[in-house]
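Small disclaimer: the values here were computed from a predicted structure and weren't measured.
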Amino acid sequence: MVAPCNSLGEPFSRSFKGLIVWCFLLSLTPCSLATATSNKTRSLHFYKWEVEYMYWSPDGLENVVMSINGKFPGPTIRARAGDTVHVHLTNKLNTEGVVIHWHGIRQKGTPWADGTASISQCAINPGESFDYRFTVDRAGTYFYHGHYGMQRSAGLYGSLIVDVAEGEKEPFHYDGEFDLLLSDWWHESAHHQEVGLSSRPMRWIGEPQTLLVNGRGQYGCSLAAHYSNNSSLSQCNVTGHEQWAPHILHVDPNKTYRIRLSSTTALASLNLAIGNHKMLVVEADGNYLQPFETDDLDIYSGESYSVLLKTSQDPSQNYWISFGVRGRKPQTPQALTILNYKTNSASKFPLSPPPVTPRWDDYAHSKAFTNKVKALDHKTIPKPPSTYNRRIILLNTQNKMNGYTKWSINNVSLSLPATPYLGSIRFGLQNGFDQTKPPESFPEQYDVMKPPGNPNTTTGNGVYMLSYYSTVDVILQNANALAENVSEIHPWHLHGHDFWVLGYGEGKFTKADEKKFNMKNPPYRNSAVIFPYGWTALRFVADNPGVWAFHCHIEPHLHMGMGVVLAEGVQRLPKIPKEALSCGLTGKKFMTGNNLG
């Protein structure tokens with residue numbers, strides 16, 4: 001719903017507050033308000049959301065999911081670059097807090113809206129509300145998700161699409177668009193998973209039962225059972241089952257379609273293929289790429305892509321779209337849906353079996369794809385600084401602590417404090433977190449190819465304090481896990497920034513590896529993968545005042561400590577809304593009437 005124009009002809013800045021109230025009273029429907037700035041229209045998109053649990057059948061088996069306004073996945077937010085998004089979020093959960101992270105939105109000037117509990121804000125308590133208000137400064141494919149406990153596993157996520165600003169054009173043409181949000185789904189609750197990960201010894205609930213596309217999957221049956229030699233596999237009958245029927249892509253022949261892909265999986269790395277069709281990859285994490293053609297695409301948790309698809313095949317047929325697991329021995333079946341040429345029925349099955357996902361441990365295939373991802377040009381993507389001011393090397397290891405299983409960075413497993421870092425740093429509350437500087441590297445003699453000689457770790461919550469506007473290199477170093485011959489994929493996500501991915505390599509990073517860096521056209525992203533027994537080199541500029549999470553986007557790994565916290569220019573921020581800091585030490589200050597500014 002769009003709000004009416006101001007009948008008094010007042011400037012938007014004068015009538016804004018009243019219009020917001022008008023929108024707020026429209027119950028739970030979104031509304032948009034527009035104003036003209038510098039000959040371009042800028043809009044405010046207002047949403048009133050309620051988060052609660054509800055019964056749903058994501059894969060044909062009824063379960064409990066987290067919903068927003070009774071929807072799973074949550075509503076899609078759509079705006080233009082330069083617009084403002086305002087979400088009034090009310091926690092209708094009875095027994096737990098909630099926050100929402102706007103993945104890929106850099107939150108310039110609004111770090112308290114980043115949606116990271118204990119870092120940028122307090123968790124929103126049951127029955128309470130919080131206003132997220134931020135500018136979406138750049139076009140691209142994004143999403144949002146819960147960032148408290150394991151609420152992403154429980155289904156708290158949705159799409160966030162930012163179109164180019166009015167009057168601007170994309171560097172490619174397309175006739176239509178599809179938005180696909182990818183996730184994984186367990187039949188055990190997120191609470192079961194969380195308790196198991198925190199148990200001594202750890203109790204793992206296992207791989208997800210189902211892969212979901214826009215919240216829909218099929219469990220215990222297959223859309224393509226008639227192609228299988230497995231006689232016990234039944235054919236899915238999805239007629240009349242709207243909640244778990246596949247999200248079919250209906251297309252006209254001889255057109256070009258943009259498919260936006262976002263992975264909010266809690267665990268799974270995925271591979272996408274479309275029968276008889278190639279894809280042209282043109283965008284990653286909101287940044288344009290040098291277009292390249294591929295038969296299939298790897299996408300890791302936290303990543304987003306746009307691909308262009310030409311519908312140039314036989315229009316009398318339909319074609320499979322398949323998603324399969326990569327990087328872990330798959331115990332979760334492929335997710336399937338159909339590319340339906342409208343010249344025939346959507347219920348018509350393709351002639352051929354679905355595309356086969358590359359073998360789960362075919363890392364050469366994954367690396368070949370990843371190395372093709374390069375920035376379009378320096379007109380749309382800034383050029384990386386030629387040198388760095390500081391280099392931090394982060395060793396990723398699996399460890400033990402008093403019988404508990406942990407993931408650690410430089411032998412420190414992250415344990416978040418009760419007071420959000422943003423408040424502690426801004427107001428000099430040194431008791432708010434560990435003042436010990438976290439380690440910048442790891443011992444040179446550490447052998448990344450073997451299990452740790454001493455598996456013991458410690459917990460901590462220190463902060464990497466970055467000089468404002470400095471250039472920072474981060475080397476993500478993978479290693480062997482606790483078990484022999486095991487090294488896992490870790491997709492890392494940086495809040496508040498994009499970084500240049502300068503390169504990937506095998507084994508332990510050394511100074512000599514710098515000659516492998518791509519300084520000409522490195523991709524500019526907010527998420528990047530480290531492959532088993534390898535390293536990934538990143539560079540970014542600390543130009544966004546705030547406190548920012550940097551972590552593995554596999555939710556169980558983050559829950560077990562696989563992350564760090566960065567801070568820069570916090571004293572440059574304007575007044576921080578007290579609603580963001582109403583817990584811990586900052587909350588006590590507010591309660592006693594002390595003014596935190």
Side-chain angles (χ1 to χ4, degrees), residues 54-65 67 71-73 153 155 157 178-189 206-251 259 261 263-268 270-277 296 299 309 313 316-326 328-358 360:
M54 70 176 185
Y55 285 108
W56 200 257
S57 300
D59 60 1
L61 188 71
E62 189 176 66
N63 214 316
V64 172
V65 303
S67 68
K71 293 184 177 182
F72 170 78
S153 296
Y157 43 72
F178 299 99
D179 306 327
L180 301 183
L181 183 65
L182 313 177
S183 57
D184 39 16
W185 183 250
W186 282 265
H187 291 164
E188 295 251 33
S189 73
E207 304 298 304
Q209 277 66 55
T210 316
L211 301 177
L212 306 181
V213 180
N214 288 350
R216 302 178 181 201
Q218 296 78 41
Y219 174 72
C221 64
S222 172
L223 297 173
H226 54 291
Y227 298 105
S228 174
N229 295 323
N230 184 355
S231 59
S232 64
L233 187 65
S234 63
Q235 184 72 31
C236 292
N237 179 11
V238 296
T239 304
H241 299 289
E242 182 66 20
Q243 292 182 10
W244 55 281
H247 184 95
I248 294 174
L249 277 60
H250 303 282
V251 298
I259 302 178
L261 302 160
S263 177
T264 187
T265 56
L267 179 69
L270 301 176
N271 177 271
L272 158 69
I274 303 175
N276 285 40
H277 291 73
D296 61 272
I299 182 169
L309 177 78
Q313 299 302 303
S316 67
Q317 302 299 327
N318 291 330
Y319 302 89
W320 290 113
I321 303 175
S322 68
F323 298 89
V325 173
R326 302 281 279 127
R328 300 179 68 87
K329 192 170 184 179
Q331 300 176 33
T332 310
Q334 279 185 324
L336 296 174
T337 187
I338 289 176
L339 182 71
N340 163 234
Y341 279 68
K342 295 178 185 177
T343 44
N344 59 92
S345 170
S347 62
K348 181 180 179 180
F349 284 111
L351 291 176
S352 303
V356 177
T357 300
W360 69 276

Under 4.5 Å between any side-chain heavy atoms of [X] and [Y], yes or no?
X      : Y      : answer
Thr337 : Leu180 : no
Gln209 : Trp186 : yes
Asp184 : Thr332 : no
Leu249 : Ile259 : yes
Ile338 : Lys348 : no
Val64  : Ser189 : no
Thr210 : Pro58  : no
Ile321 : Leu272 : yes

Separation of [Y] [atom2] from [X] [atom1] (nearest 0.5 Å):
X      : Y      : atom1 : atom2 : value
Trp244 : Arg216 : CH2   : CZ    : 11.5 Å
Leu61  : Gln243 : CG    : CD    : 11.5 Å
Ser67  : Met54  : OG    : CE    : 4.5 Å
Leu182 : Ser263 : CG    : OG    : 5.5 Å
Asp179 : Asn214 : CG    : CG    : 7.5 Å

Please report the shortest heavy-atom distance between [X] and [Y], naming the atom on each side.
X      : Y      : answer
Leu270 : Thr265 : CD1-CG2, 3.9 Å
Asn318 : Ser345 : ND2-O, 2.8 Å
Trp320 : Pro355 : CB-CD, 3.8 Å
Glu207 : Leu267 : OE1-CD2, 3.6 Å
Ile274 : Leu339 : CG2-CD2, 4.1 Å
Phe178 : His250 : CZ-O, 3.3 Å

| query | What orientation do Trp185 and Phe72 show, parallel under 30°, tilted 30 to 60°, or perpendicular over 60°? | reply | tilted
- Task: If the plane angle is over 60° it's perpendicular, under 30° parallel, otherwise tilted; pick one for Tyr341 and His277.
- Result: tilted
* Just checking, is any N or O donor in the side chain of Gln235 or His226 under 3.5 Å from an acceptor N or O on the other one? ->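 Short answer, yes.
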message: Please evaluate residues Tyr157 and Ser183 with respect to the criterion side chain to side chain contact (heavy atoms under 4.5 Å, CB included), reporting the C-alpha separation (whole Å), side-chain torsions for both, the decisive distance (0.1 Å), and the verdict.
response: CA-CA 9 Å; Tyr157 43 72; Ser183 57; 2.9 Å; yes
Quiz item: Taking Gln334 for the side chain and Ser322 for the main chain, is one N or O donor matched with an acceptor at less than 3.5 Å?
Solution: no
Short question: side chain of Asn271, backbone of Val356 - any donor-acceptor pair under 3.5 Å?
-> no
